[in-house]
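Data block below; observations after.
Since the model is a prediction, treat every value here as computed from it, not as a measurement. The figures here come from the full heavy-atom set of this structure, side chains too, leaving out hydrogens, waters and symmetry mates.
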Amino acid sequence: MRLGINLGYWGAGMDGDNLAVAQEADRLGYDVCWAAEAYGSDAPTVLAWVAAQTESIDVGSAILQIPARQPAMAAMTAATLDSLSGGRFRLGLGVSGPQVSEGWYGVKFDKPLARTREYVDIVRKAMTRERLSYEGEHWTLPLPDGPGKPLKLTVHPQREHIPLYIAAIGPKNLEQTGEIADGALLIFPSAEHLEETAVSHLRAGREKAGKTMEGFDVCPTVPLAVGDDIPGLADMFRPYTALYVGGMGSAKQNFYNRLAQRMGYEKEAAEIQEKYLSGDKSGAAAAVPHQLIDQTTLLGSVDRIAERMQAYAEVGVTTLTLAPAGFTLDERITALRAGTDALERAGLA
């Protein structure tokens, strides 16, 4: 099992620290450094900045938001970043959610699975550097009855095949991801539930495409905090968990809330959401069960973290992406180093 690092969103007041974390991860032999985007910093700019100041670690978008750019633009970005980084780019894609898609990008959040499939088709075709033409429900290239003509990408990526990942949560999206992608970006992964909530659906998609899980990258992001006070460490992530389970989306459409329900927290997920959407964020955080946090994070001593890493590896995780917690750079670097120590103690390095 390999390790990754997730920098999250740029512009959160720790930008210099984030670069230092990425450089330390590079020195420690981490496999990939991911950056996110929503409605603040864009991922490609951050990844270009990180790639320019690291040596061997891959850089990946987790995620490039599908409603934010046309598929041909995503292919251009992927090819450019792969070329500039010396073949170190990984393309992560996702449809975002209805609030961001429609509220920020002005793109209707409809038929996300079909839209994703067409988007991936166009991106892959564009990156082959063949002349681009496509007829689908959501995109037609070139536009009919106009001056447009099939064009081909002029940038040469470093590699013939740039790894393509999809951020997936729901069963149908997970199955399609297994079918059409090279890897899956997962969030709130519980080793105890990962087979039923994610891996089984990914495997079904691989089988549908006539493939096995061999070579497919199962890549969840897991927050990490090192120390002896397990309840205290868990409390650090209460606002984070409450935000996603309770406030990321609407009462009718919250993918993370549904995931918590599939993990057996139906009553608790409903309470967290009710409190969060009513404005009681502290109450929502208090309602998050300790067990839910402990199952979806890496908390405690290096030995305890190593045991949890073994559990993730056994269920099929191939790249475990860490989000090291800490209020200072030293704390985050310490957590980062603990990750590599735990991986070695687990016998997974």
Side-chain angles (χ1 to χ4, degrees), residues 8-11 34-48 60-81 89-127 132-148 150-151 153 162 164-177 179-181 183-187 221 243-244 247-259 277:
Y9 303 109
W10 209 257
W34 303 97
E37 66 178 21
Y39 41 93
S41 57
D42 72 292
T45 304
V46 173
L47 295 173
S61 55
I63 54 173
L64 288 192
Q65 299 201 327
I66 285 176
R69 51 184 64 80
Q70 294 294 328
M73 183 68 228
M76 292 165 59
T77 301
T80 305
L81 280 170
F89 179 65
R90 304 186 192 184
L91 175 60
L93 299 170
V95 292
S96 189
Q99 284 73 27
V100 175
S101 181
E102 299 190 14
W104 185 249
Y105 298 117
V107 175
K108 191 72 175 176
F109 191 81
D110 61 341
K111 301 183 179 179
L113 292 179
R115 187 179 294 273
T116 298
R117 182 181 289 271
E118 288 191 16
Y119 199 95
V120 169
D121 285 345
I122 296 170
V123 167
R124 288 200 188 279
K125 189 169 184 178
M127 287 196 296
L132 182 59
S133 60
Y134 190 83
E135 292 187 12
E137 179 183 356
H138 300 282
W139 285 278
T140 300
L141 301 169
L143 288 175
D145 304 320
L151 301 172
L153 185 68
I162 296 175
L164 189 150
Y165 294 69
I166 295 174
I169 300 175
K172 292 181 179 179
N173 193 5
L174 286 160
E175 182 173 334
Q176 178 171 276
T177 296
E179 182 184 355
I180 67 176
L185 300 172
L186 310 177
I187 192 170
T221 290
L243 167 64
Y244 278 84
M248 196 67 76
S250 64
K252 293 183 179 179
Q253 199 165 29
N254 182 323
F255 307 119
Y256 310 98
N257 190 279
R258 293 174 188 172
L259 175 59
L277 294 181

* Answer yes or no: is there an ion pair linking Glu37 with Arg69, defined by an N-O contact shorter than 4.0 Å? => yes

* Does Val107 offer a backbone N or O that forms a donor-acceptor pair with the side chain of Ser101 under 3.5 Å? -> yes

* Side-chain donor or acceptor of Gln65 paired with backbone N/O of Val95 under 3.5 Å -> no

* Structure fact -> Shortest non-hydrogen pair, Ser41 vs Tyr9, comes out as OG-C, 4.0 Å

* Asked: Would a 4.5 Å heavy-atom cut-off, applied to side chains only, mark Tyr39 and Val100 as touching?
  -> yes

* Have Gln70 and Trp139 got a donor and an acceptor in their side chains that come within less than 3.5 Å? -> yes

* **Flag, side chain of Asn254 to backbone of Met248, donor-acceptor distance under 3.5 Å** => yes

* Asked: What heavy-atom pair brings Val123 and Ala74 nearest, and what distance separates the two atoms?
  -> CG2-CB, 4.1 Å

* Within-4.5 Å side-chain heavy-atom neighbours: Leu93 and Ile63 -> no

* Asked: Are any side-chain N or O atoms of Thr80 and backbone N or O atoms of Met76, one a donor and one an acceptor, separated by less than 3.5 Å?
  -> yes

* Asked: What pair of heavy atoms forms the shortest contact from Ser133 to Pro142, and how long is it?
  -> CB-CD, 4.3 Å

* **CG-OH distance between Leu164 and Tyr119, expressed to the nearest 0.5 angstrom** => 10.0 Å

* Shortest non-hydrogen contact from Arg117 toward Ile180 -> NH1-CG2, 3.7 Å

* **Residues Gln99, Gln253; criterion side chain to side chain contact (heavy atoms under 4.5 Å, CB included); working and verdict** => CA-CA 10 Å; Gln99 284 73 27; Gln253 199 165 29; 5.6 Å; no

* Asked: Would a 4.5 Å heavy-atom cut-off, applied to side chains only, mark Tyr134 and Asp121 as touching?
  -> yes

* To do: Let me see the working for Leu113 and Asn173 under side chain to side chain contact (heavy atoms under 4.5 Å, CB included), right down to the final yes or no.
  => CA-CA 6 Å; Leu113 292 179; Asn173 193 5; 3.8 Å; yes

* Structure fact -> dist Thr221:OG1 -> Trp34:CH2 (nearest 0.5 Å) comes out at 8.5 Å

* Asked: Any sub-3.5 Å donor-acceptor pair from Ser61's side-chain atoms to Gly92's backbone N or O?
  -> yes

* Structure fact -> In this structure, CD1 of Ile122 is separated from CE of Met73 (nearest 0.5 Å) by 14.5 Å

* To do: Measure the shortest side-chain to side-chain distance between Leu91 and Phe89 over non-hydrogen atoms and say whether it is less than 4.5 angstrom.
  => yes

* Minimal non-hydrogen separation, Thr177 against Ala184, with atom names -> CG2-CB, 3.9 Å

* Do the side chains of Pro44 and Leu64 get nearer than 4.5 Å, heavy atoms only? -> yes

* To do: Measure the shortest side-chain to side-chain distance between Glu175 and Lys172 over non-hydrogen atoms and say whether it is less than 4.5 angstrom.
  => no

* Asked: Thinking salt bridges, do Glu137 and Arg115 make one under a 4.0 Å N-O criterion?
  -> no

* Asked: Any side-chain heavy atom of Asp42 sitting closer than 4.5 Å to one from Thr45?
  -> yes

* Whether Glu118 side chain and His138 backbone form a donor-acceptor pair below 3.5 Å -> yes

* If every non-hydrogen atom of Ala35 is compared with every non-hydrogen atom of Leu47, which pair is closest and at what distance? -> CB-CD2, 3.7 Å

* Asked: Under a 4.5 Å cut-off applied to non-hydrogen side-chain atoms, are Leu151 and Leu132 in contact?
  -> no

* **Pairing residues for Lys108 by the side-chain hydrogen bond (donor to acceptor under 3.5 Å, both in side chains) criterion, not counting sequence neighbours** => none

* Structure fact -> The reported gap from NZ in Lys125 to CG in Leu153 (rounded to nearest 0.5 angstrom) is 14.0 Å

